[in-house]
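Data first, discussion second: the structure below is written as C-alpha cells.
So that the names make sense, note that chain A is the first sequence line, chain B the second, and so on, each numbered from 1.
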2 protein chains.
Amino acid sequence: MKGINMIQLAKELGLSVSTVSKALGDSHEISSTTKKRVMELAKKYNYKPNPFASNLRKKKGKQIAVIIPDIVNNFFALAVDGIESVTMAKHYDTFIYLTHENLEREKSVLEHLENGLISGLIISVCTGREGYGHFQQFYESARLPMVFFDRVPDLLQFPKVISNNYESTFESTERLIKAGSKRPLFIQTEEPLYTLMERRRGFQDALVANGISFTDESLITCSENMEDNYLLLKKLFSSRKRPDGIFAPIEKFAITVYQVCRDLKLNIPKDLKVIGMTNLRTAALLNPSLSTLSQPAFDMGREAATLLLKMIEKKSYAAANDIIVLANELTIRDSV
Amino acid sequence: MKGINMIQLAKELGLSVSTVSKALGDSHEISSTTKKRVMELAKKYNYKPNPFASNLRKKKGKQIAVIIPDIVNNFFALAVDGIESVTMAKHYDTFIYLTHENLEREKSVLEHLENGLISGLIISVCTGREGYGHFQQFYESARLPMVFFDRVPDLLQFPKVISNNYESTFESTERLIKAGSKRPLFIQTEEPLYTLMERRRGFQDALVANGISFTDESLITCSENMEDNYLLLKKLFSSRKRPDGIFAPIEKFAITVYQVCRDLKLNIPKDLKVIGMTNLRTAALLNPSLSTLSQPAFDMGREAATLLLKMIEKKSYAAANDIIVLANELTIRDSV
DNA sequence: ACGTTTTACGAAAACGTTATAGCAAAAATT
DNA sequence: AATTTTTGCTATAACGTTTTCGTAAAACGT
C-alpha cells in the first residue's frame, strides 16, 4: 500500500481534497476542465482510492460473499463461475466460504459476516434438519440483500434461483419407465432439503401417472457416508426384488450406483437403467455413458448474482422476493 | 450494518474508547477485570469491530485473494478447497478471481488489487507467452506477499508450491514403456508453461533412459480449441505410424484421447495405453478406467495458503523465496 | 443596475477504529 | 521517606475517504 492518496493529489493540483474527491466521482459540482486535470494526474500516479476509507465513509462496499457447501463439485464450481462472471463485470469482489455440509460452519460464517464486510450474500444451504433460523437472524441484524440458489430454504422473504426440479424429474422418470423399467427406484437422503423433496415428488407423480404404484420399495435412503451407501445398494441390488431403474438425484449417488453395478457385474442398461442428476463433464465417457439430468449451474449462478447486485444497487431488497426458475436439461445416453 | 460500535460500548461501560479497543485486543495495559467487563458487554450486544475502520487504521486486513485460471476443473477446485481450509481456520477472508486463461483479465485483476484491498495473494498463472512483467510490476508497487502454485512463473523472488512434475512424469512414462509401449506420445501445448516443460522433460528422459529415441513424432502440439485437437488426434490415430502409448499432461487432452478412441474403435489399452494427468474423481469409472497421475491439489492449496499467511504475519516475505515440492500420485488402472 | 440563481470550489465534520503519548495512583525500589 | 517504576486508564491524533454546508464569483433575469 505504498500508493499515493487524495491529499497528495490535491496538494499537487492546488485544489482541496473535497474537490479532488468530487472530480474523481464525476460530480456535477466540478467543472469539466478541473475534472480532466484531476483524472489525468490520478492516472499518471496510478492512483486508486483506498477501499477501506471509502467503504467506511460510505458505509458500504463492492464486496459480496458466496456461501456454498462444496467447491469440489461441478455444479457449485459452475455456479461460482457464473457468479464471478457477473461480479467481475460489475467490478465487485467476491468472497468465497465453504461449509462442507457443516451447519456449525455455516452459522459461524454468517456470524462473522455480521461485521459488515460485505454488501450482499449468495447462499446454497448445507444439509441438515435444523431449520433456517440462523439466516433469519442474520437478516434481522445485518439487513443485507441475500439470494439463495439451488439449495434454498423455505423462507418466503428471500429471493431464490432454482431449477425446475419437479418437472424435469417427472420427465426423467417417465423416460426410465418408457425404456422398460417396471420397478424404478429413487435414492433419497436422510434429511431431504426442499430441492430433493421436489425431485422426489416429480418421481412419485411420474410413477403414478404411468400406472406404477409408489411404495416403500420405490425409495431407498442413503447417507453422507459413501461406504455405507455402497454396501446398502450392493445388498439391495443383490436381492431378488431388485430395482430395474434408478433415478439418482445427487451426483455421488449415481457414481456409487455405477461402482456397485461394476462390482456385481450388473449390466447397465439391461439389468438397470440409470439417470443421474449431475453436471459431470465426463458423463459421456463413463462405462456405459451416463444419462444425465443436468442443472443450468452457470446460468443459475449468473442469475443469482445479477439479482443480488440489482438488489444492492436499487436497495429494494425488501421487495425482491422473486423466484427464478431455470430449466434442467435431460440427456439420454447409453445407461437408459 | 445496524450494529453497535465502540463508542456506544464505551459510554455504557463508563470507559474511554481506547480502553475498550485495548480490552478487546487483549492488551496487557488493561486489567483483567476491565477486560472481562468489556468482553461481556461486547458479547451481549454481539459487537463486531468494523473491518473497514480497523483495516484503514491498521493499514492492513485479513483478506487475501486467489487468482486462478478456472474453477470448473477439479484440480483448481481442490486447491481452492485447500486454501479455504487454512484461511477459514485462521479467520481470513478469501476473494476469488477467475482469469479464464485470459491475460488481460489477469492483468486487470492485478491492477484492481493495487487499491490495497488485500494483504496477500495466491496465484496460478494463465497460459500465454507474454511473460510475467505484470506480476513483477504489481509487486513493485503493492509490495504484498505473493505465493504461486502449480502454474508458476520463472521469477526467482516469489515463493512457489509445485509438484514433482519431472520425476512423476518420468515414472509414468516408464510405466507406459514397461507395459509394452514402443512409440509413446506426449501431448504438448503451443506455449508450454514451466510446469508443462518439466513434464515434457520427464517424458523425454524416460524415453532415452529406456532406449527409445525421442523424435518429432514423440510429440504432438494441441491448442486451446478442443475441436481442432479432436481432429488432429483422430488424424494421427488413423495413420499408419500411430502411437501406442500416450501421456496426456492435461486433463482435457486425456478426455479428448478417450473420445477419439471411442469414435475410432481403438482399444485401450491394447491399441493405445493411456495415462492422464488429472484429478478427476470419475477416472476409475471411465471406459476403460483411466490410469492417472494426479496432483496433490488440496495439499498444494493448503501449503500455499499456510505459507502466505506466515509471510503476511511475519512480514518476512522478502526472504521467503522457498519452493515447496509435493509428490504427484500415479494410479495405474485398466488403461495401461 | 440590481437582485437572484447557478457554478465551482473549499472547510470541516464525519465514518469507527487503533496507536501514541500522557498522567495519575499504586507498587516497588532505594 | 523519597525515589523510581509499574499499572491502568484517558485524551487525542491519525487512517483516507465522502458528504454537508458555506460562499465567493459568475451568470442570469428584469
Side-chain angles (χ1 to χ4, degrees), chain A residues 1-39 41-42 45-63 113-119 141-142, chain B residues 1-39 41-42 45-63 91 93 114-119 141-142 315:
Chain A
M1 264 103 40
K2 289 220 36 77
I4 195 174
N5 62 20
M6 264 193 185
I7 302 174
Q8 303 172 49
L9 277 187
K11 198 166 287 173
E12 181 158 346
L13 286 161
L15 291 169
S16 76
V17 205
S18 35
T19 305
V20 174
S21 173
K22 287 171 187 168
L24 292 172
D26 198 29
S27 160
H28 62 273
E29 291 181 42
I30 306 298
S31 74
S32 51
T33 56
T34 315
K35 276 184 196 169
K36 193 175 291 176
R37 279 215 309 142
V38 174
M39 305 276 200
L41 198 70
Y45 283 135
N46 191 27
Y47 166 76
K48 301 265 161 31
N50 179 314
F52 299 133
S54 169
N55 290 350
L56 172 60
R57 179 60 232 237
K58 294 196 297 192
K59 291 188 159 226
K60 66 167 179 168
K62 288 195 135 201
Q63 289 78 38
L113 291 176
E114 283 189 19
N115 65 6
L117 187 62
I118 54 161
S119 300
S141 77
Chain B
M1 265 100 38
K2 291 219 34 78
I4 194 173
N5 63 19
M6 265 192 185
I7 301 173
Q8 302 172 50
L9 277 186
K11 197 166 288 172
E12 180 158 345
L13 286 160
L15 291 169
S16 77
V17 201
S18 34
T19 304
V20 173
S21 173
K22 285 172 185 165
L24 292 172
D26 199 29
S27 160
H28 63 274
E29 290 182 45
I30 307 297
S31 73
S32 50
T33 57
T34 314
K35 275 183 196 169
K36 194 175 291 174
R37 280 213 310 141
V38 174
M39 304 277 199
L41 198 72
Y45 284 134
N46 191 26
Y47 166 76
K48 300 267 162 27
N50 178 314
F52 300 133
S54 170
N55 291 350
L56 172 60
R57 181 58 232 241
K58 293 196 299 191
K59 290 188 158 223
K60 65 166 179 170
K62 289 195 135 202
Q63 289 78 38
H91 305 290
D93 303 292
E114 281 189 22
N115 64 6
L117 189 61
I118 54 161
S119 300
S141 77
K315 295 185 173 165

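With no hydrogens or angles considered, a side-chain donor-acceptor pair links Thr34(A) and Ser31(A) at under 3.5 Å. Residues Asn55(A) and Gln63(A) have side chains that bring a donor and an acceptor to within less than 3.5 angstrom of each other. Judged purely by distance below 3.5 Å, without hydrogens or angles, the side chains of Tyr45(A) and Gln8(A) never pair a donor atom with an acceptor atom. A donor atom on one side chain and an acceptor atom on the other are found under 3.5 Å apart for Ser16(A) and Thr19(A).
A straight line from CZ of Arg57(A) to P of dC15(C) spans 7 Å, rounded to a whole angstrom. If you take CE of Met6(B) and C1' of dT18(C), they are 8 Å apart, rounded to a whole angstrom. Taking atom CG on Leu56(A) and atom C1' on dA13(C), their separation rounds to 13 Å, with Å as the unit. Between the C1' atom of dG16(D) and the NZ atom of Lys59(B) lies a distance of 9 Å, rounded to the nearest Å. Rounded to whole Å, atom P of dT7(C) lies 12 Å from atom NZ of Lys35(A). Separating the NZ atom of Lys36(B) from the P atom of dC9(D) is a distance of 14 Å, rounded to the nearest angstrom. Lys11(B) places its NZ atom 13 Å from the P atom of dA11(D), with the value rounded to the nearest Å. Atom C1' of nucleotide dA11(C) and atom CD1 of Ile7(A) are separated by 14 Å, given to the nearest angstrom.
Nearest approach of Ala42(A) to Leu24(A), heavy atoms of both residues: CB-CD2, 4.0 Å.
A side-chain donor-acceptor contact under 3.5 Å links Ser119(B) to the backbone of Gly61(B).
The side chain of Asn50(A) contributes no N or O atom lying less than 4.0 Å from OP1 or OP2 of dG16(D). For Tyr47(A), a side-chain nitrogen or oxygen approaches OP1 or OP2 of dT17(D) to under 4.0 Å.
For Lys35(A), the salt bridge (charged side-chain N to carboxylate O under 4.0 Å, His left out) partners at least two apart in sequence or on another chain are Asp26(A).
Remark on DNA chain C: of its neighbouring residues Ala53(A) and Thr34(A), the 5'-side contact belongs to Thr34(A), judged by nearest-heavy-atom nucleotide.
Using a 4.0 Å cutoff on non-hydrogen atoms, the parts of residues 12-31 of chain A near DNA chain D are Ser18(A), Ser21(A), Lys22(A), ordered by number.
Pair check for dA24(D) finds dT7(C); Watson-Crick or G-U wobble, both atom distances under 3.5 Å.
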